Number of protein chains: 2
Amino acid sequence: MTGPDAFSALVPITQPRVASERVGEQLRMLIASGNIAAGEKLPSENELARALQVSRPVVREALRGLSMMGIVESRQGGGCFVTDLDPKRLMEPLSFYLQLRDYSMDELFRARQLIDSGIAGDAARNATADQRTRLIELARLGKELVDDPVGFRVLDAQFHGLISEASGNAFLLSVSNSLYSLAIDLRRKASEMPGVLTQSAADHIAIAEAIRDASSDGASRAMGRHVDHIRATTSLVAKIGIRDAS
Amino acid sequence: MTGPDAFSALVPITQPRVASERVGEQLRMLIASGNIAAGEKLPSENELARALQVSRPVVREALRGLSMMGIVESRQGGGCFVTDLDPKRLMEPLSFYLQLRDYSMDELFRARQLIDSGIAGDAARNATADQRTRLIELARLGKELVDDPVGFRVLDAQFHGLISEASGNAFLLSVSNSLYSLAIDLRRKASEMPGVLTQSAADHIAIAEAIRDASSDGASRAMGRHVDHIRATTSLVAKIGIRDAS
DNA sequence: CTTGACAACCTGTAAGACAAGTTTCATCAT
DNA sequence: ATGATGAAACTTGTCTTACAGGTTGTCAAG
């Protein structure tokens, strides 16, 4: 190894060799760049085939690939549409990866701890007065919902969403939402265990108060502890849940 | 808003209605469960079609979808193989999602500071001996490339990639890579300013040494300073670069 | 035993056909 | 004039056939 070989890094993404993947890549770029908006209807398969100078099966394979990734959605007779591009949908392919390795759950919690702690710290710095009071309200409301798992989960989503919003960082918000939706099924099971919601409600209050007091470090630490608690109960559920998988 | 609407969470995944997605789902489960190992060769498209009682185009669409997700890989004439299931490949949907919105420079740098610092800390804990020595090598090599912007950028990418890999967290690796590629065009311009690369090379050495010494906090702080330096020079370039944007 | 050509096989692409569902629009009845 | 009805056009879903381009394995000649 004499020096860095420039050629290996010069082509970071190997451009798909086969036609259908090139077509898929092109469509994906059109969507990512905003030329085709979410929910918009795509041209018909025949039109795309004509425009791209390929056969219809090639277009179909490309669309099917995008469909499996949750980017587009085809309705028989109706046409092909870009989905709402919701994180929940787009993160679903990643659940395959989570099935592959049992320790991947740890990766997600480590990521969540890092990012959510940072977000909480930023929220303590940047939140508006309205957001601070609303957070306190939500946290107090949570204490009354510890016996209502469904209601608490909705409130929990609002609480975390509001903190992400208050942090003023759209990118971290995206990442945090992705993590949240990846773990949401496990969270649903965990929230039915006794004591879990009581702990979460207490955590929420600590976080909300730290943000209210503009204590950046305090908010970070409180959020870190919160994620720790969630990790503990969730990994427990994950272990138990193996045997009663359908 | 009276109460939480439970129905939105009641149907987490809709099972694929079309044949090709059912086929894809089935193959994916075979791979996730280990019945088909990584690197293994799949039956030919015709065999799969016969076995699954569908036509070849259906099988092809399914395989193409899995191929776009990085789960399988087809070679013309050679057959279809399961990939090595490398996390880097499987996390690709995440980078597409992060490309969707346009983020401000400040958001990206704040995110990068948070995530790369965390990654550096993890790398100091989890890196193998080989990775530590290789990092030192790369950092030292960088000092000799401060007059070669192109070469330095290649090495810089390798350096950051190796740290992400050493952290052992595929999710954060993917996020970090996305951040890196989102800012790469500005970085190209910045790396041609005098002094920038000298600073970066020094930063790299500090980071590599902290990771070598398994100093988690030190690596985090060194990376944080590094991102700060990059932010300073890059934002300068961004201001200047506005007028000669194509 | 090595080497080279050939045959069998596999994926890549194209084109055509029909089924099933949706949308649109014109027609008919009110 | 307006609303409902139904047919026609369009779109996706699937199957079939065909051939080109590439790989792999075999077998015979050297």
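Order of the sequence lines fixes the chain letters, A, B, ..., with proteins taken first and strands second; residue numbering starts at 1 for each chain. Model, not experiment: these values are computed from the prediction.
To the nearest angstrom, P of C:dC10 lies 10 Å from CD of B:Glu45. Atoms CD (B:Glu61) and C1' (D:dT14) sit 9 Å apart, rounded to a whole Å. Put simply, CD on A:Gln53 is 15 Å from C1' on C:dA15, counting in whole angstrom units. The separation between A:Phe81 atom CZ and D:dT12 atom C1' is 11 Å, rounded to whole Å. Across the protein-nucleic acid pair, B:Glu21 atom CD and D:dT12 atom P stand 15 Å apart, rounded to whole Å. Here the P atom of nucleotide D:dT14 and the CZ atom of B:Arg50 are 20 Å apart, to the nearest Å. Summarising the geometry, the separation between CG on A:Leu66 and P on D:dT12 is reported as 14 Å, rounded to the nearest angstrom. In this structure, A:Leu42 atom CG and D:dT11 atom P are separated by 13 Å, rounded to whole Å.
Toward the 5′ end of DNA chain C lies the nearest nucleotide of B:Gln76, the other residue of the pair A:Lys41 and B:Gln76 mapping further downstream.
Under 3.5 Å, the side chains of A:Glu73 and A:Ser67 contain no donor-acceptor pair of N or O atoms.
In this structure, A:Phe171 and B:Leu98 have side chains that are in contact, with non-hydrogen atoms separated by less than 4.5 Å. Looking only at side-chain heavy atoms (C-beta outward), B:Arg60 and A:Arg60 stay at 4.5 Å or farther from each other.
Residue A:Cys80 has its side chain nearest to D:dT12 when only C:dT11, D:dT14, D:dT12 are considered. Side-chain atoms of B:Ser55 lie closest to D:dT14 of the nucleotides C:dG12, D:dT14, C:dA14. Listed candidates were C:dA19, C:dT11, C:dT13. Nearest to the side chain of B:Ser44 is C:dT11.
In terms of phosphate contacts, B:Arg60 brings no side-chain nitrogen or oxygen within less than 4.0 Å of OP1 or OP2 of C:dT11. Distances shorter than 4.0 Å separate none of the side-chain N or O atoms of B:Arg75 from OP1 or OP2 on C:dG12.
B:Arg56 comes within 4.0 angstrom of a base, heavy atoms only.
Under 4.0 Å is where a charged nitrogen must lie from a carboxylate oxygen, and between A:Arg56 and B:Glu61 no such pair does.
Applying the 6.0 Å contact sphere to CZ of B:Arg75 captures no more than 12 heavy atoms from other residues, nucleotides or ligands.
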